[in-house]
There are 2 protein chains.
Amino acid sequence: MQVTIREVAKAVGVSPSTVSRALTPGGTVSAATRDRVLAAADRLGYQPNRAARGLITGRTGAVGLIVPDLLNPFFAEACKGAQARARGLGHSLIVSDAERDEGLEMDAIRTLAPEVDGIVLTASQLSAEELGSLRGLTAKPVVLLHRREPGFPSVTADLAEGMTDALTHLHALGHRRIAYVGGPRSTWEARERAAGVEAMAQTGTIDLVRVGSVAPHFDGGITGAADVVLASGATAVVAFNDIVAFGLISRFTARGVRVPDDMSVVGCDDIALSGMAAPPLTTVSVPKAHAARAAVDLLFRTLRTPEVEGEEPLQRVLPTHLVVRGSTAALAAH
Amino acid sequence: MQVTIREVAKAVGVSPSTVSRALTPGGTVSAATRDRVLAAADRLGYQPNRAARGLITGRTGAVGLIVPDLLNPFFAEACKGAQARARGLGHSLIVSDAERDEGLEMDAIRTLAPEVDGIVLTASQLSAEELGSLRGLTAKPVVLLHRREPGFPSVTADLAEGMTDALTHLHALGHRRIAYVGGPRSTWEARERAAGVEAMAQTGTIDLVRVGSVAPHFDGGITGAADVVLASGATAVVAFNDIVAFGLISRFTARGVRVPDDMSVVGCDDIALSGMAAPPLTTVSVPKAHAARAAVDLLFRTLRTPEVEGEEPLQRVLPTHLVVRGSTAALAAH
DNA sequence: CTGAAAGCGCTAACAA
DNA sequence: TTGTTAGCGCTTTCAG
């Protein structure tokens with residue numbers, strides 16, 4: 001069997017409650033006793049029983065992470081970051097892949113809630129109302145990652161700024177007619193990125209070609225979008241994210257259009273593969289792991305100091321930055 | 001507060017233990033009582049308390065997954081598969097990223113063990129001895145994924161066969177001098193893949209150029225390996241995995257060597273991006289999600305019917321298959 | 001500062 | 001088939 005506090009107590013010659021106090025951060029024990037208890041616990045290989053502790057404290061020692069799709073390296077990296085930070089804070093991380101489905105996302109929240117101390121909800125597809133309904137569904141704190149919504153603590157990246165930077169970069173290279181291939185219309189992320197693009201278009205410095213939206217994975221109609229870009233006469237294109245950018249480049253290459261010679265391409269996210277592609281992708285870098293760690297930190301902050309009714313929770317916005325690599329080039333003179 | 005079995009019991013007019021029995025799969029209750037209990041539980045919104053249940057049963061309701069690196073899409077996909085299957089079986093999945101470090105992997109096992117009912121250990125870097133020492137370290141069952149070792153249940157892919165297929169494909173295209181860029185020398189996976197390559201070399205049908213090993217991520221010295229391949233006079237190259245293949249192609253492109261016109265490249269794993277790259281990558285497809293699900297299934301099987309001393313546990317080997325895409329072509333006549 | 005006692009929510013003997 | 005009883009390992013009052 002496993003070593004319990006009773007055995008540690010017996011070894012030291014104190015009561016179980018004293019051992020418990022010595023092991024608890026805020027316990028009122030004399031330094032001497034604490035030392036002896038700690039030494040004995042260590043020697044006997046004592047490991048606290050999470051279930052027993054959780055039964056009393058109500059804490060599970062785990063945090064939940066819900067992502068739309070682990071296959072997307074963007075979320076895999078978020079998972080890695082969240083996992084590392086959670087473990088660093090003495091908690092384990094339970095992942096749940098919502099498969100980009102609102103229903104499954106709700107299910108995931110429902111099943112996860114009782115098993116964790118709090119949830120990091122990544123790139124949630126839920127409507128503002130559904131999100132609001134969460135308060136009644138579970139008392140467990142929820143932190144939004146890559147989604148901002150009033151009433152919720154959140155960590156996001158400044159995507160609008162990133163998109164503006166991308167267009168500015170293209171403009172500086174001489175491009176004027178620039179296409180934007182957007183992401184799934186309904187998502188917060190897509191709206192946020194589109195906002196940055198539109199802001200730039202408003203200035204009149206560029207001639208924006210809006211190419212509708214595609215699903216952010218390979219079979220999301222990217223081929224068709226690429227053809228539309230080609231037909232539009234644009235000399236550069238900004239994609240919703242790196243994956244879409246890769247799809248675009250693939251189609252361009254197949255059609256004999258060279259990147260960056262004939263067409264400049266900018267992605268977004270800066271997933272690991274972007275630097276290794278041929279050509280390496282110019283992209284808007286998002287601090288994926290950092291954001292995930294920040295979300296976990298924010299969750300723990302909420303755990304320690306519960307939210308105050310009526311007070312707007314903290315919303316962190318992390319900066320993005322453009323990484324110029326080989327998929328963009330100066331507009332060739334014609 | 002939360003709804004307990006006592007309130008359900010009171011509502012139905014039975015004892016708490018009857019409620020417990022009605023809720024337990026093997027419980028001996030009359031169908032009528034079970035129905036009434038279930039109805040009441042549902043109506044009151046009863047949710048079993050995992051901690052309380054776990055305190056008695058010793059079960060945590062979670063399974064652990066340890067991977068070398070979530071950034072590698074290969075493992076992200078394994079995580080996705082394992083997560084889905086675990087949840088389907090009513091368990092949650094706790095992930096732990098070992099950062100390709102033996103020490104961290106051991107730590108991960110140690111910290112994970114008490115929090116889960118069993119562990120899926122993916123592509124373990126541990127030596128056979130260290131693996132063996134696990135039996136003493138924890139009584140929790142461990143299933144190996146993408147690693148085979150006597151005494152452990154495991155799920156692996158037939159990598160050797162896959163590599164042989166890749167070389168056969170290249171041979172059929174007319175290539176004779178073929179390079180192999182291996183992975184981290186010490187790992188089981190690298191040895192397994194190398195075995196397939198060497199088996200083919202033994203037949204004498206091809207002229208194998210062994211280019212040493214690189215770390216399976218972008219900055220793993222791939223550039224140097226690519227140059228060695230170029231200098232060797234090989235007309236085709238098989239890479240340890242898709243990521244290495246991408247790195248190779250990137251370097252080839254930078255040096256003006258066209259793929260597949262001047263050089264054919266075959267990867268391994270078939271990560272999602274492979275089909276979307278330019279050119280799309282010919283690769284040995286490994287059933288990543290399937291293998292992960294199988295590993296979770298095997299873990300549950302072990303949980304239900306504990307391993308018998310002296311009896312060799314089940315080792316499943318899943319088939320791989322070559323996916324021919326655009327990065328390989330017939331050897332040009334010279 | 002420390003010990004005794006109670007009990008978190010649930011399951012598992014053991015009776016009935 | 002059901003109820004009673006005990007207790008999993010731990011924290012937390014409450015006394016001392």
Side-chain angles (χ1 to χ4, degrees), chain A residues 1-41 44-62 90-91 113-117 139-140 303, chain B residues 1-41 44-62 90-91 113-117 139-140 303:
Chain A
M1 246 340 257
Q2 126 181 289
V3 188
T4 74
I5 56 168
R6 302 173 57 131
E7 317 188 25
V8 177
K10 209 167 293 175
V12 183
V14 294
S15 74
S17 22
T18 301
V19 175
S20 173
R21 275 187 283 257
L23 264 25
T24 316
T28 58
V29 227
S30 71
T33 328
R34 160 164 289 136
D35 289 346
R36 286 166 52 221
V37 169
L38 258 35
L44 298 176
Y46 168 77
Q47 294 258 127
N49 181 319
R50 286 203 173 205
R53 179 174 287 178
L55 188 53
I56 295 187
T57 61
R59 289 292 181 89
T60 67
H91 278 237
E115 306 170 11
V116 299
D117 294 335
K140 299 289 171 68
L303 244 30
Chain B
M1 239 350 251
Q2 142 180 272
V3 188
T4 74
I5 54 168
R6 302 173 55 132
E7 316 188 26
V8 177
K10 208 168 294 173
V12 182
V14 294
S15 76
S17 25
T18 300
V19 175
S20 173
R21 275 188 284 256
L23 264 26
T24 315
T28 58
V29 226
S30 71
T33 345
R34 160 164 287 134
D35 289 347
R36 284 166 56 220
V37 169
L38 258 36
L44 298 176
Y46 168 78
Q47 295 258 128
N49 181 319
R50 286 204 174 205
R53 179 175 288 178
L55 188 52
I56 295 188
T57 61
R59 291 293 183 88
T60 66
H91 278 236
E115 306 171 9
V116 299
D117 295 334
K140 299 288 171 68
L303 244 29

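Chain letters run A, B, ... following the sequence lines, proteins first and then strands; every chain starts at 1.
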### Query
What distance do B/Leu55 atom CG and A/Arg53 atom CZ have between them, rounded to the nearest 0.5 Å?
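Here the interatomic distance stands at 13.0 Å.
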### Query
In Å, rounded to the nearest 0.5 Å, how long is the span from CZ of B/Arg21 to CD1 of B/Ile5?
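One gets 10.5 Å once the value is rounded to the nearest 0.5 Å.
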Consider the side chain of [X], meaning its heavy atoms from C-beta on, and name the nucleotide among [options] that approaches it most closely.
X	options	value
A/Thr18	C/dG3, C/dT11, C/dC8	C/dG3
A/Asn49	C/dG3, C/dG9, D/dG9	D/dG9
A/Thr28	C/dG9, C/dT2, D/dT2	C/dT2
A/Ser15	D/dT12, C/dA12, C/dA4	C/dA4
A/Ala52	D/dG9, D/dC8, D/dG3	D/dG9

### Message
Would you say that A/Asp117 contacts A/Arg59 through its side chain, given a criterion of any heavy-atom pair below 4.5 Å between the two side chains?
### Response
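Contact flag for A/Asp117/A/Arg59 side chains = yes.
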Nearest whole Å is fine: how far is [N] [atom2] from [X] [atom1]?
X	N	atom1	atom2	result
A/Arg50	D/dC10	CZ	P	13 Å
B/Lys10	D/dG3	NZ	P	14 Å
B/Arg53	C/dC10	CZ	P	8 Å
A/Leu23	D/dG9	CG	P	16 Å
B/Asp35	D/dT1	CG	C1'	15 Å
A/Ile56	C/dC8	CD1	P	10 Å
B/Arg59	C/dG9	CZ	P	23 Å
B/Gln47	C/dC8	CD	P	20 Å

### Message
Quick check: on DNA chain D, is the nucleotide nearest B/Leu55 upstream (toward 5') of the one nearest B/Val29, or the reverse? Name the residue that is more 5'.
### Response
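This one resolves to B/Val29.
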### Message
Determine whether a donor-acceptor pair (one donor, one acceptor, N or O, separation below 3.5 Å) exists between the side chain of A/Thr24 and the base of D/dT11.
### Response
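Donor-acceptor pair under 3.5 Å: no.
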### Query
Would you say the side chain of B/Arg21 and the base of D/dG3 hold a donor-acceptor pair, judged only by whether the two atoms sit under 3.5 Å apart?
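Per atom types, the contact qualifies.
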### Query
So, A/Ser20 and A/Ser17: side-chain donor and acceptor under 3.5 Å apart, yes or no?
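Result is no, nothing qualifies.
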#### Entry: With A/Val19, the side-chain contact (heavy atoms from CB on, under 4.5 Å) member among A/Leu38, A/Val14, A/Thr33, A/Thr24
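Result for side-chain contact (heavy atoms from CB on, under 4.5 Å) with A/Val19: A/Val14.
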Just checking [X]: base, sugar-phosphate only, or nothing, at a heavy-atom cut-off of under 4.0 Å?
X	answer
A/Ser30	sugar-phosphate
A/Thr33	sugar-phosphate
B/Arg6	nothing
A/Ser20	base

